[in-house]
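What follows is one structure encoded as structure tokens, with my remarks underneath.
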There are 2 protein chains.
Amino acid sequence: MRYSHQRETIREIVFSTNSHPSADWVYARAKKAIPNISLGTVYRNLKQLTDQGIIRVIHDGSLARYDWNKEPHDHMKCTTCGSMVDIKLPNGNLKNMVKNQHNFEVSDVEITLIGKCNKHD
Amino acid sequence: MRYSHQRETIREIVFSTNSHPSADWVYARAKKAIPNISLGTVYRNLKQLTDQGIIRVIHDGSLARYDWNKEPHDHMKCTTCGSMVDIKLPNGNLKNMVKNQHNFEVSDVEITLIGKCNKHD
DNA sequence: ATTAGTATTAGTAATTATTACTGTTTATAT
DNA sequence: ATATAAACAGTAATAATTACTAATACTAAT
Ligand SMILES: [Mn+2]
Ligand SMILES: [Mn+2]
Ligand SMILES: [Zn+2]
Ligand SMILES: [Zn+2]
């Protein structure tokens, strides 16, 4: 993967926030640095960065969001303000349990808690 | 919500399978009973049935799938064959824990285990 | 049974998120 | 410096879903 100014900018944007941004959000930010960057470039690079394990993708309904944090962790999605916040839930030996009981080889565990966040008491 | 033949057909289709069908799959099935049913009708009724709590929606990446089983349970998604199979994982008092530690009011817990199912040993 | 009111429909257009194509630009190894 | 191909901008295409509209069909009241 050859260096590119666009990809480096996109990577820095994802690494600069804890908001789990969408491609559109990254695109809006990237345009401030590179005004004629194209949305296709943002999508292509987000995919490349994901495939290389440099960032990860999380699914918020039908919308893909990106996360610089590759440590295993989970998310709380607020239906009121749309925020998505990290949470570390104890997973124990879930993988082994599922392998033994269902013969299913788990490669990834996606846990999303949906509800109302602490900003709306 | 008034009776409609289309909606009843759609409801029966979702209740007839454990495959967690997509709107398209339900549409293909519904056409066998009602050849001129429209895809919009399928989407509208799947949404209505979901809003009424008669079925539930689960998210498979960017694709919405539907489930007649409203009991709290989780899913194993096979990346090889695309199947989505039920699994009941012990959730304990997750809701209370999250409420106490993060002041986040959980209304729904979505857990998807991604990996390879027992058909591909 | 007929009528009136409106929820629902089929058909189609529009929207949203994302991917594919294409001719041009640019990183980088020689 | 030059060659090569990866990456780009711009645009078109696709997939899933939602919105619009005039016609149809439930259902409650006459
Ligand atoms: Mn995260
Ligand atoms: Mn299920
Ligand atoms: Zn919130
Ligand atoms: Zn499988």
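These figures come from a predicted structure and were not determined experimentally. To find a chain, count down the sequence lines: A is the first, B the second, and so on, and within it residues start at 1.
No continuous path of ILVMFWY side-chain contacts below 4.5 Å connects Trp68(B) to Met76(B), so the two sit in separate hydrophobic clusters. Note: the hydrophobic cluster containing Leu94(B) also contains Ile87(B) (ILVMFWY, side chain heavy atoms under 4.5 Å, direct or indirect links). In this structure, Ile58(A) is not a member of the same hydrophobic cluster as Val106(B), with clusters built from ILVMFWY side-chain heavy atoms closer than 4.5 Å. Under the 4.5 Å side-chain contact rule for hydrophobic residues, Tyr66(A) and Val85(A) do not share a cluster.
Nucleotide dT9(C) holds its P atom 11 Å from the CG atom of Leu46(B), rounded to whole Å. When the C1' atom of dA25(D) is taken as reference, atom CE of Met1(B) falls 16 Å away, rounded to whole Å. Between the P atom of dA16(D) and the NE2 atom of His59(A) lies a distance of 13 Å, rounded to the nearest Å. Rounded to an integer number of Å, the gap from Asn45(A) CG to dA20(C) C1' is 16 Å. The OH-P distance, from Tyr3(B) to dA28(D), rounds to 15 Å in whole Å. The separation between Ile10(B) atom CD1 and dT8(C) atom P is 12 Å, rounded to whole Å. If you take OH of Tyr27(A) and C1' of dT19(C), they are 15 Å apart, rounded to a whole angstrom. Computed from coordinates, the Glu8(A) CD to dT26(C) C1' distance equals 16 Å when rounded to whole Å.
No donor-acceptor distance shorter than 3.5 angstrom exists from the side chain of Arg7(B) to the backbone of Arg44(B), with no hydrogens or angles considered. A donor-acceptor pair under 3.5 Å links the side-chain atoms of Thr79(B) to the main chain of Gly115(B), judged by distance alone.
The shortest distance between the side-chain N/O atoms of Gln48(A) and the OP1/OP2 oxygens of dA7(D) is below 4.0 Å. For the OP1/OP2 pair of dA27(C) and a distance below 4.0 Å, the side-chain nitrogens and oxygens of Ser4(A) include no atom meeting the criterion. Between dT8(C) and Arg7(B), a contact under 4.0 Å exists linking OP1 or OP2 to a side-chain N or O.
For Asp86(B) and His20(B), the side-chain atoms include at least one donor-acceptor pair closer than 3.5 Å. Inspection of the Asp60(B) and His75(B) side chains reveals no N or O donor paired with an N or O acceptor under 3.5 Å.
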query = How far apart are the C-alpha atoms of Gln48(A) and Asp51(A), what are their side-chain angles, what is the distance that settles it, and do they pass the side chain to side chain donor-acceptor pair (under 3.5 Å) test?
reply = CA-CA 5 Å; Gln48(A) 276 182 117; Asp51(A) 291 346; over 6 Å; no
Annotated protein contacts, base or backbone, on nucleotides 10-18 of chain C with a non-hydrogen cut-off under 4.0 Å, one of B, S, - each = BB-----SB
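The bend of the helix from dA1(C)-dT30(D) to dT30(C)-dA1(D), defined by the angle between the axes of its first five and last five pairs, stands at 30° to the nearest 10°.
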